[in-house]
Amino acid sequence: LFTLLALILGPSLPSTPAQETPPPVFKRFNLRCLAPLLQNLDAEAPENIEQAFLAGPASLATPLPKIGAESVDFPITTTSPEAQTFFNQGVAHLHTLSYPDAERAFRTVIHLDPDCAMGYWGLAMANELRPKRARLFAKSAIGKTNANRPQLEQRWIDILAQYYQLPAGAAPATPQTTPAPEDNPEALAQRSADRIRAYENMVIDFPDQIEAKAFLLRQLVLDEYRAGLPISSHLAVARLADDLARTTPNHPSRHYTAFLWLNRRPEQGLPAADAAPPLAPDVADLWRYAGEAYAATGQYSDAIPFYEAAVRIALRHLSDQPLMPSQIQNLTSNFETLIDNLGAMGRINEALFWAESAIALPRENFAPPNGLTPEPLTAAAKRLYAQTLMRAELWEPLLDDLDNTPALQPTGPLDFTTRAYIPYWKSLALLLLDRPEEALALDQEIETVLHDALNEGVSKNTEQTISNTRKSLRDCHHLLTGENPEPFPPDQLPLHLTPELLAQLYLKAGLHGNALAILKENISTQPHRVLPTAAFCDLALQQGQTKSAFVHFDPQLRIDAGLADENLPALTRLDTVAEQKQFPIPWTLTAPSSPAPPRPQNHPPHGPPGGTPQT
């Protein structure tokens, strides 16, 4: 037990033979049973450095050759050459935003060299989205450094201290010695701006330091999203990125350029989106970031292979490493992005395949302590399965699957969320099949679920989810059966409604103008997604807006619709639009041949469509 805990807690617990008296930290935690401690541990706001170690990844890192670390050269003061290798690996993870893997690498650094101040610096950087944990690690970094350290290392740690408003020499064991910095938006923006100025000064003072430039680029780009710092000149930041790419072409920071242009001129970021994943091909999220760049330009068919690559790589990691799904960063959101976009593009069977693959993965009966999974993967996959069929208007298949597909059923009587969602999804299908009485009868099932959940003493969040599900059923029923139907307030939309489904409900209620507005808004923010665009073209033509229907019935829609499943209702209704434009039936087009291979290019096999954790 002691050896296991020494690995978990890191060098804060020195190796001690089993027969020796445990150090005081063991007495403080009463480690004869860890379960109560772990259950009550606040992973986001640990009280001390030992608790911070308990709340993070439990295993040490292993060398990973395909994450771009070979192009990271960040020398630190350490007694262990192996620690230097893992430090570079952790920095590569920081650049690819792989925070759990970064923390694992930096934990390994301080396991190999407990006095390595920069190892604690890395742990603070790996927890920058969890600031209370990060501040504890920053204090340890400050406590480990001194005037004998190289000037460059002192600068890195000074920047960390300034950001978390820590004085030099802060004692890691006394977190109450300095008040935590304010976390309101104005204070965060000011601290972030000061950090950028500090990185600029470092680049000026140490012009040959590649990582100084890389972290300056990193914060310029990311702080626009995280701290609301506007970039006054995107072109100037792009020049910094170009300089970094020219001097270190394989550095794992190329995707920052794609992020830089994402909300302004996303097409400018496409070369970086193509270049970034092959530089670190084993980082699943890099493939998804590339897909987001293509999606931002409306090229969803080009984005989907990147999304699929992200999921496949993550599943390979799940099979190759002793990890559970909740321990794979962004696995749920990567699945959701892939399935949602396949469904929106009318590729329904593919979307259902990936939803079933996610449902089939092992599941845990507890909320993971790392705070990285906002919705359990199994629950999200079941929701996505139902949403896929709903957005495709496949009401009868949905009803059949909800009754007969084992993967969609509750995992047991205590799976209250699934027990509430299934009658709700059925009610939506029944309403759109003009069977409102049967739909309303399902309200009783959800009431029973709520009663059972309250008897079990479920959390307030679970209780609220079930109550919201019941309210959504009633709201949708009232919309279609009330005498004077009104559109839903924007902040009170029923659960799980895609724009296409919401428009379908409004059409049934006679709110044609609201339905058209919903679809128009959606295709303006996410252009060229097949099913929303098809629904808009059909409804616009019905409402006499022929020009709008014809404008969006463009070659891109006709090409992408050719990749969709056959006989989808939203697409067959477009025959009317095609006839008015005097197009042949079928009206779909084949994509023109291209001399370049299909994207994503130059990548290794990504892994299986499913994964099983190691036993």
Side-chain angles (χ1 to χ4, degrees), residues 266-267 270 291-308 337-354 387-394 498-501 503-504 507 515-600:
E267 69 281 358
L270 293 184
E292 297 291 1
Y294 277 92
T297 67
Q299 301 179 62
Y300 288 94
S301 290
D302 285 328
I304 284 174
F306 287 103
Y307 294 148
E308 183 175 331
T337 302
L338 173 61
I339 296 167
D340 175 69
N341 282 284
L342 284 170
M345 297 302 286
R347 294 160 62 172
I348 305 304
N349 288 324
E350 290 179 74
L352 296 179
F353 166 80
W354 285 108
Q387 283 179 304
T388 297
L389 289 173
M390 287 191 288
R391 79 188 316 164
E393 304 175 42
L394 299 176
T498 62
E500 309 95 289
L501 184 58
Q504 284 284 324
L507 284 175
L516 190 62
I518 288 287
L519 294 171
K520 186 174 183 179
E521 170 65 20
N522 181 251
I523 64 174
S524 69
T525 57
Q526 295 181 300
H528 301 302
R529 301 223 295 179
V530 169
L531 292 187
T533 306
F536 174 80
C537 291
D538 173 46
L539 185 54
L541 189 64
Q542 292 181 36
Q543 295 297 301
Q545 299 187 22
T546 305
K547 183 177 180 180
S548 292
F550 286 176
V551 165
H552 291 281
F553 192 69
D554 59 14
Q556 188 63 55
L557 173 65
R558 297 173 66 194
I559 290 171
D560 289 336
L563 302 174
D565 294 359
E566 295 182 356
N567 301 320
L568 294 179
L571 298 182
T572 57
R573 288 197 297 269
L574 289 188
D575 288 353
T576 302
V577 182
E579 288 171 356
Q580 291 207 20
K581 290 207 72 171
Q582 299 182 341
F583 289 158
I585 304 295
W587 43 264
T588 55
L589 296 174
T590 302
S593 58
S594 171
R599 295 184 177 92

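Aromatic pair F536/H552: ring centres closer than 6.0 Å.
Once rounded to the nearest 0.5 Å, the distance linking NE2 of H528 with CD of Q299 reads 8.5 Å. The CD atom of Q556 sits 10.0 Å away from atom OG1 of T533, with the distance rounded to the nearest 0.5 Å. L539 contributes atom CG, which lies 12.0 Å from atom NZ of K520 (distance to the nearest 0.5 angstrom). Here CG of L501 is found 5.0 Å from OG1 of T498. Values are rounded to the nearest 0.5 Å. In this structure, Q580 CD and Q582 CD are separated by 10.0 Å, a value rounded to the nearest 0.5 Å. With values rounded to the nearest 0.5 angstrom, W587 atom CH2 is found 12.0 Å from K581 atom NZ.
Heavy-atom minimum distance, T337 versus N341: O-ND2, 2.7 Å. Shown here for G291 and A303, the closest heavy-atom pair between the two residues is O-CB, 3.2 Å. A351 and T388 get closest at one heavy-atom pair: CB-CG2, 3.7 Å. What you find for G343 and I348 is that their closest heavy atoms are O-CD1, 3.8 Å. Across every non-hydrogen atom of P499 and L519, the tightest pair is O-CD2, 4.0 Å. Across all non-hydrogen atoms, the minimal contact from L531 to A570 is CD2-CB, 4.1 Å.
The pair R391-D340 meets the salt-bridge criterion, with a side-chain N (NZ, NE, NH1 or NH2) lying under 4.0 Å from an Asp/Glu carboxylate O. One finds no salt bridge joining R529 and E500 here, because no Lys/Arg side-chain nitrogen approaches an Asp/Glu carboxylate oxygen to under 4.0 Å.
A cation-pi geometry, defined here as NZ or CZ lying under 6.0 Å from the six-membered ring centre and within 45° of its normal, does not hold between R347 and F353.
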Requested in this report: Check step by step if side-chain contact (heavy atoms from CB on, under 4.5 Å) holds for E350 and I304.
Outcome: CA-CA 11 Å; E350 290 179 74; I304 284 174; 5.6 Å; no
Requested in this report: Might you work through the side-chain contact (heavy atoms from CB on, under 4.5 Å) test for V530 and L571, ending with a clear yes or no?
Outcome: CA-CA 9 Å; V530 169; L571 298 182; 3.7 Å; yes
Query - Residue pair T590, I559: steps toward the side-chain contact (heavy atoms from CB on, under 4.5 Å) verdict - result: CA-CA 6 Å; T590 302; I559 290 171; over 6 Å; no
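Between the N349 side chain and the D565 main chain, no donor and acceptor come within less than 3.5 Å of each other.
Counting heavy atoms from C-beta on, the side chains of S301 and M345 come closer than 4.5 Å. Inter-residue side-chain proximity for D560 and T588 is flagged as unmet; no heavy-atom pair is nearer than 4.5 Å.
Taking the six-membered ring where the residue is Trp, Y294 and F306 present parallel rings, their angle staying beneath 30° rather than reaching 60°.
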